[in-house]
Every structure is written in C-alpha cells, then in structure tokens.
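These notes are about the structure you will find just below.
Computation of the quantities below employed the complete heavy-atom set of this structure, encompassing side-chain atoms and omitting hydrogens, waters and symmetry-equivalent molecules. Every chain is numbered from 1, with letters handed out A, B, ... down the list of sequences.
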Number of protein chains: 2
Amino acid sequence: MSTKQCEDMLVGKGVRPTAARILVLQKLSERTSPASLFELEAELETLDKSTISRSLALLLEHHAIHSFEDGSGSIKYEICQSRSETCPVGDRHIHFFCEVCRKTSCLNNIKIPVAQLPEGYIMDTINYTVKGVCPLCNKRRSLKP
Amino acid sequence: MSTKQCEDMLVGKGVRPTAARILVLQKLSERTSPASLFELEAELETLDKSTISRSLALLLEHHAIHSFEDGSGSIKYEICQSRSETCPVGDRHIHFFCEVCRKTSCLNNIKIPVAQLPEGYIMDTINYTVKGVCPLCNKRRSLKP
DNA sequence: AGGAAGTTGCAACTCGATTGCAAACTATCA
DNA sequence: TGATAGTTTGCAATCGAGTTGCAACTTCCT
C-alpha cells in the first residue's frame, strides 16, 4: 500500500496517522508473511523498538492489524485484509509454522474453520496455526538424510 | 491418576520415572484445565522451576503431554489423553481463552477441525485456541454494566 | 563398594516485550 | 505569531517467562 493509502486506512480506523504508525502499517502491508516485533525493528531502522511496540498495540486495538502466536516465542503481526470494520474470523486464513526453518507463512487459500461454541461463550478471534515441516525443508531433508 | 499409573505411563513413553517427573505428570493429570510453568511451580512447592521446566521438555519430547500458546504470554501444558503412541491431532479438543479473567479452559466436546494442507506440507500439530469472553465473565458483565 | 551416568536445585542469564520519563512534536486558540 | 496543553517518540531501565552452567546429589550397574 502507498503511504497515502496507509494514512487513509489509519484515519478510517480512528487512529491519528503519525509518521511512525504509517511506517509500521506500510511495512506490514508490504510483507507476504507475518512479522514479529523483532523483524519490524530490523526493517524499520529509523524507529525505536518501543515506538513500534506502542504502534502495534494501537493498531491492534483499532483492528487495523491481527496478532497471533505461532510457537516461535514471539508474537506475529499481520495487516487486516478485510476493509470492513469487524474482520470476520471465518474470512481469515490459517498459518503454518515450520519447525525446521522456524518461518511462519500464510496459507491464504485455507480459511479458519470456525467451531460452534457452547451456549454462553462469546468468540472474539481464533488462532489456528499448524506446526510441521514446510515443503522446502521437507525437500531439503529428503535430499541429504 | 495414581502415582503408580503416572509411573507406568512414563515408563510406557520411554521416560525414566524420577520423583520430579512423576509429580509433574500427576499434577497435570489432576487438573481440569491446562497449566503454565508458573502455575505448576506454585502447586509443586518442593520442585524448582528449572526442574519442572526440564521435566516438561522431556515429557513433551516423549509425547506424554501437549503444549500450546493461548495468548496469555505463557505456554500451557496438558496431559495427553490418548494412550496411543501417536496422539492424532483430530482427536484433540480445542481451547478457550477468556480475555476478561485470563483463564484457559478445555472445550472437551469440540475436536480440532483438521484442515487439508497443500501438497508438500507435513503436519505435526495444530493450535486451535478461541479467544473471547467465557460464560461466567459474560454473565458478570451483563449484571453490572 | 566404586565409578559412570543421569537428575536436581540454585543462581545467573537470555530474550521478547513493556514502562517511566524527558524531549520533541502537533494542534489549537488567543 | 506565540503560548500552552496534549500527544508522540526515543532512550534506558525494567519485567516476566523460560533456559542454562555448574556443583551437589541420586541412581544404576558391575
């Protein structure tokens, strides 16, 4: 997304579009896989870790981004694809965490299966993350055993 | 489970049944909801945090227990229900994390929906955790708004 | 019994993330 | 324009979960 688009998205979500927030959102929009705070820090050299952390918290609060744990030990962040105010959980895709290369990827074509909860439970979001071995590592493995 | 049963389970999984490991496994077997390292430490006063941590790592390795992230910031552990060597992911239940009381509970009747992965991906395990508001907190909320 | 291997507790450390605080910036209004 | 209140940012310190190095202890085997 362009800087302008990011700015517009922030305003649309009710967030004051500061330089730092635009940079964080734009970086997330450019990526093809979810990013951790650490990765964002490395890719946004001009911003401090704490500034990125606070920006992410604000973007999360205003539903401009999602977060989830993939088992890597750090929380992953991803821009919210849906432009609607409430991003329906059933529209969201699942993630795959490779235990060999420790990379998380989006399985964009596979949507999160939404379970029917018992009476009384209110669903906010679902973390559906598959752990295993990705095709690349799988191939690498079978070549040199 | 009795001490003897825990010991047998450890031996069956190929783990030397030391006092610490039996205590950790037994504590997990007694609980109705998953426990964090911190909780286990509090409930097992005679054992050191590091001993519990190492025991959990070993039990995980030998598939006597499962672990998953619920978004609380700490990893949760749960005894493996299935007595079979490989605990099939489709037999496992989903979890619910309440964002109000920050407690994780098992939804024993709801099994993890298993997605079909694209060619080349090897599935090891799935983390399916729903976040939201539990019935108790929901009720409490509606009483005093 | 004696020695090797495995296990445990303590303290120190690692790592991801957050917080307190002061400086810098922004918006608003006189 | 300049004063001022409110917001945002960067730095350093801190937090909290978890792991590791090491020495003491236990278990196992002959």
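Here His66(B) and Tyr77(B) keep their ring centres 6.0 angstrom or further from each other.
Ser72(B) comes within 4.0 angstrom of nothing in the nucleic acid, heavy atoms only.
At its two ends the helix from dA1(C)-dT30(D) to dA30(C)-dT1(D) runs along axes set 20° apart, each axis drawn from five pairs and the angle rounded to 10°.
Test Glu69(B), Lys131(B), Lys103(B) against Phe97(B) for side chain to side chain contact (heavy atoms under 4.5 Å, CB included) and you get one pass: Lys131(B).
Here Lys27(B) pairs with Glu30(B) in a salt bridge; the nearest charged N to carboxylate O distance falls below 4.0 Å. Glu43(B) and Arg31(B) are joined by a salt bridge, as a carboxylate oxygen and a charged side-chain nitrogen come within less than 4.0 angstrom of each other.
Regarding Glu61(A), its CD atom lies at a distance of 13 Å from the P atom of dT18(C), rounded to whole Å. For the pair Leu40(A) CG and dG16(C) C1', the interatomic distance rounds to 13 Å; values are reported in whole Å. One atom, CD1 of Ile52(A), and another, C1' of dG16(C), lie 13 Å apart when rounded to the nearest Å. To the nearest angstrom, P of dT7(C) lies 15 Å from CG of Leu23(B). Protein atom CZ of Arg102(A) is 11 Å distant from nucleotide atom P of dG16(C), rounded to whole Å. For the pair Glu45(A) CD and dC11(D) P, the interatomic distance rounds to 13 Å; values are reported in whole Å. The nearest whole Å value for the distance from the CD atom in Glu69(A) to the P atom in dG16(C) is 15 Å.
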Exercise. Do Thr104(B) and Ser33(B) pass the side chain to side chain contact (heavy atoms under 4.5 Å, CB included) test, and can you show the C-alpha distance, the side-chain angles, and the key distance before you say yes or no?
Worked result: CA-CA 7 Å; Thr104(B) 295; Ser33(B) 62; 5.9 Å; no
Exercise. After noting the C-alpha distance and the side-chain angles of Gln81(A) and Asp91(A), does the key distance pass the side chain to side chain contact (heavy atoms under 4.5 Å, CB included) rule?
Worked result: CA-CA 9 Å; Gln81(A) 299 297 338; Asp91(A) 287 0; over 6 Å; no
For this session: Let me see the working for His93(A) and Leu107(A) under side chain to side chain contact (heavy atoms under 4.5 Å, CB included), right down to the final yes or no.
Result: CA-CA 6 Å; His93(A) 57 261; Leu107(A) 300 180; 5.7 Å; no
For this session: Determine, for nucleotides 17-30 of chain D in 5'-to-3' order, which nucleotides have protein heavy atoms under 4.0 Å from the base (write B), from only the sugar-phosphate (write S), or from neither (write -).
Result: SBBBB-----SS--
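A donor-acceptor contact closer than 3.5 angstrom is absent between the side chains of Gln26(A) and Ser29(A). With no hydrogens or angles considered, a side-chain donor-acceptor pair links Glu78(B) and His95(B) at under 3.5 Å.
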